[in-house]
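Okay, structure first, notes after.
This is a predicted model, so every value here is computed, not measured. Proteins get letters first, then strands, A, B, ... in listed order; numbering begins at 1 in each. The basis for the numbers below is simple: all heavy atoms, side chains too, and nothing from hydrogens, waters or symmetry mates.
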Number of protein chains: 2
Amino acid sequence: MNLNIQHSFKALADPTRRQILVHLSQQEMTIAEITDQFDMTRAAIKKHLNILESGSLISVKTNGRERINSLETEGLRTITDWLSYFDQFWDKKLSLLQTAITNNENDINKES
Amino acid sequence: MNLNIQHSFKALADPTRRQILVHLSQQEMTIAEITDQFDMTRAAIKKHLNILESGSLISVKTNGRERINSLETEGLRTITDWLSYFDQFWDKKLSLLQTAITNNENDINKES
DNA sequence: AAGTAAATTAACTATGAATCTAAATATACA
DNA sequence: TGTATATTTAGATTCATAGTTAATTTACTT
């Protein structure tokens with residue numbers, strides 16, 4: 001179920017799930033802590049977390065009886081990779097920016 | 001209905017709609033031409049086009065009895081803007097890249 | 001004006017998604 | 001061992017989505 005572009009896009013298509021990601025970007029959280037931030041049952045949040053996990057947008061580690069959810073960038077990378085195909089169709093100004101990025105990427109590669 | 005982030009994310013959540021965007025990136029097309037590329041009725045494609053339009057991912061211009069659909073980058077920009085918030089959580093290498101982008105953005109703004 | 005071609009809309013069906021309540025698991029600790 | 005805490009799962013409900021066929025509008029063509 002790893003790195004499925006469809007799962008990643010589906011996961012981002014719900015506003016609650018996008019908000020969860022924003023919260024997790026601030027700090028990793030248990031499902032109880034996440035649920036506190038929403039007007040929704042824990043069971044509902046759990047389903048959202050499952051969907052986020054299947055989109056490689058979060059990862060979960062077990063600590064005793066708690067499960068700690070944290071942001072996982074792999075899914076975000078999948079999405080931006082897909083989107084990057086369209087960069088060539090953006091406006092001139094952005095095209096310039098993209099060229100600059102590409103050049104800088106080369107520089108960075110040389111450094112490492 | 002303009003520039004609704006939710007509509008843009010929803011629109012990208014369907015694989016057929018993402019494929020339509022890829023086709024439109026090659027050339028603008030009528031609904032008939034798009035339909036030829038898929039194993040699906042024109043009515044179904046029309047619904048997808050409506051959803052893409054409401055996500056500002058395509059725009060439509062009328063030419064006689066034809067409607068020409070073409071890629072509209074505004075929705076893509078909305079998505080990448082949202083995603084860019086998470087750039088700070090990616091790995092070091094990418095962080096460096098982001099800094100480079102920001103610097104170049106400033107340069108470009110100075111120029112214009 | 002009549003006929004044809006392109007596109008849209010309407011009405012329906014089947015499946016999936018988001019939510020709830022309630023029950024079941026699993027771990028911690030007194 | 002028993003109870004409290006954290007999480008997960010099951011089942012039901014409601015609404016949304018993706019698709020179909022059939023009917024309707026709009027604009028060319030002869």
Side-chain angles (χ1 to χ4, degrees), chain A residues 1 4-24 27-72 75 79, chain B residues 1 4-24 27-72 75 79:
Chain A
M1 221 64 73
N4 184 323
I5 187 173
Q6 176 55 21
H7 288 173
S8 300
F9 271 109
K10 258 287 157 57
L12 288 180
D14 182 273
T16 300
R17 289 194 289 266
R18 290 197 304 277
Q19 277 187 257
I20 290 174
L21 292 182
V22 171
H23 281 119
L24 291 181
Q27 55 181 328
E28 48 185 30
M29 292 168 124
T30 64
I31 188 173
E33 290 168 327
I34 297 170
T35 304
D36 286 346
Q37 306 295 127
F38 295 89
D39 185 22
M40 192 180 298
T41 64
R42 184 176 300 194
I45 295 289
K46 174 57 183 167
K47 289 200 178 172
H48 285 307
L49 292 178
N50 286 341
I51 291 168
L52 286 168
E53 196 178 4
S54 96
S56 303
L57 289 159
I58 66 169
S59 58
V60 189
K61 69 185 171 205
T62 299
N63 183 11
R65 60 184 161 184
E66 292 184 331
R67 307 290 166 85
I68 315 290
N69 303 93
S70 48
L71 197 64
E72 165 62 57
I79 300 284
Chain B
M1 219 66 75
N4 184 321
I5 187 173
Q6 176 56 21
H7 288 174
S8 301
F9 271 110
K10 260 288 158 57
L12 287 181
D14 181 274
T16 299
R17 289 195 288 268
R18 290 197 303 279
Q19 278 188 256
I20 290 174
L21 293 181
V22 171
H23 281 119
L24 291 181
Q27 53 180 329
E28 49 185 30
M29 291 167 124
T30 63
I31 188 174
E33 290 170 325
I34 297 169
T35 304
D36 285 346
Q37 306 295 127
F38 294 89
D39 186 21
M40 192 180 299
T41 65
R42 184 177 299 195
I45 295 290
K46 174 60 181 166
K47 288 194 182 176
H48 285 307
L49 293 177
N50 286 341
I51 291 168
L52 285 167
E53 195 177 6
S54 97
S56 303
L57 290 160
I58 66 170
S59 58
V60 187
K61 68 185 171 206
T62 298
N63 183 11
R65 63 183 158 181
E66 292 185 332
R67 308 289 166 86
I68 314 289
N69 304 92
S70 47
L71 197 64
E72 165 62 58
I79 299 284

Kindly give the atom pairs (protein nitrogen or oxygen, nucleotide nitrogen or oxygen) under 3.5 Å for nucleotides 14-16 of chain C.
none

List, with names and distances, any nitrogen or oxygen atoms from the protein found under 3.5 Å away from nitrogen or oxygen atoms belonging to nucleotides 7-9 of chain D.
{"unit_1": "D:dT7", "atom_1": "OP2", "unit_2": "A:Ala32", "atom_2": "N", "d": "3.2"}
{"unit_1": "D:dT8", "atom_1": "OP1", "unit_2": "A:Lys46", "atom_2": "NZ", "d": "3.3"}
{"unit_1": "D:dT8", "atom_1": "OP1", "unit_2": "A:Arg67", "atom_2": "NH1", "d": "3.1"}
{"unit_1": "D:dT8", "atom_1": "OP2", "unit_2": "A:Lys46", "atom_2": "NZ", "d": "3.4"}

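Partners of A:Lys10 according to the side chain to side chain donor-acceptor pair (under 3.5 Å) rule, which considers only residues two or more places apart in sequence or in another chain, do not exist here. Residues passing the side chain to side chain donor-acceptor pair (under 3.5 Å) test with B:Glu28, sequence neighbours excluded: B:Lys61. Among residues two or more places apart in sequence or in another chain, the side chain to side chain donor-acceptor pair (under 3.5 Å) test is passed with A:Gln19 by none. Every residue meeting the side chain to side chain contact (heavy atoms under 4.5 Å, CB included) condition with B:Ile51, not counting sequence neighbours, appears here in chain and number order: B:Ala11, B:Arg17. Residues that satisfy the side chain to side chain donor-acceptor pair (under 3.5 Å) test with B:Asp36, not counting sequence neighbours, are absent from this structure. Every residue meeting the side chain to side chain contact (heavy atoms under 4.5 Å, CB included) condition with B:Thr35, not counting sequence neighbours, appears here in chain and number order: B:Ile31, B:Arg42, B:Ile45. The side chain to side chain contact (heavy atoms under 4.5 Å, CB included) test applied to B:Arg67 returns B:Val60, B:Thr62, not counting sequence neighbours.
In this entry the distance linking NE2 of B:His7 with C1' of D:dT17 reads 14 Å, nearest Å. Remark: P of D:dT17 and CD of A:Gln6 are 14 Å apart, rounded to the nearest angstrom. At whole-Å resolution of the value, CG in B:Leu12 and P in D:dA18 are 12 Å apart. Between the CZ atom of A:Phe9 and the P atom of D:dT17 there is a distance of 18 Å, given to the nearest Å. For the pair A:Ile45 CD1 and C:dT21 C1', the interatomic distance rounds to 16 Å; values are reported in whole Å. The distance between atom CD1 of B:Ile34 and atom P of C:dT8, rounded to the nearest whole Å, is 10 Å. Atom-to-atom, NZ of A:Lys61 to C1' of D:dA6 comes out at 17 Å; the value is rounded to the nearest Å.
Note on residues 27-54 of chain A: pairs passing ring pair (Phe, Tyr, Trp, His ring centres under 6.0 Å), not counting sequence neighbours, are A:His23-A:Phe38.
Of the candidates C:dT19, C:dA18, D:dT20, the closest approach to any side-chain atom of B:Thr41 belongs to D:dT20.
Using a 4.5 Å cut-off on side-chain heavy atoms (C-beta onward), A:Ile34 and A:Leu24 make contact.
Taking only side-chain nitrogens and oxygens, B:His48 never comes nearer than 4.0 Å to OP1 or OP2 of D:dT17.
Relative to the axis of its first five pairs, the axis of the last five pairs of the helix from C:dA1-D:dT30 to C:dA30-D:dT1 sits at 10°, rounded to 10 degrees.
Scanning all heavy atoms of the two residues, the minimum distance from B:Gln6 to A:Pro15 falls at OE1-CD, 3.5 Å. Of all non-hydrogen atoms in B:Gly75 and B:Ser8, the two that sit nearest each other are CA-OG, 3.9 Å.
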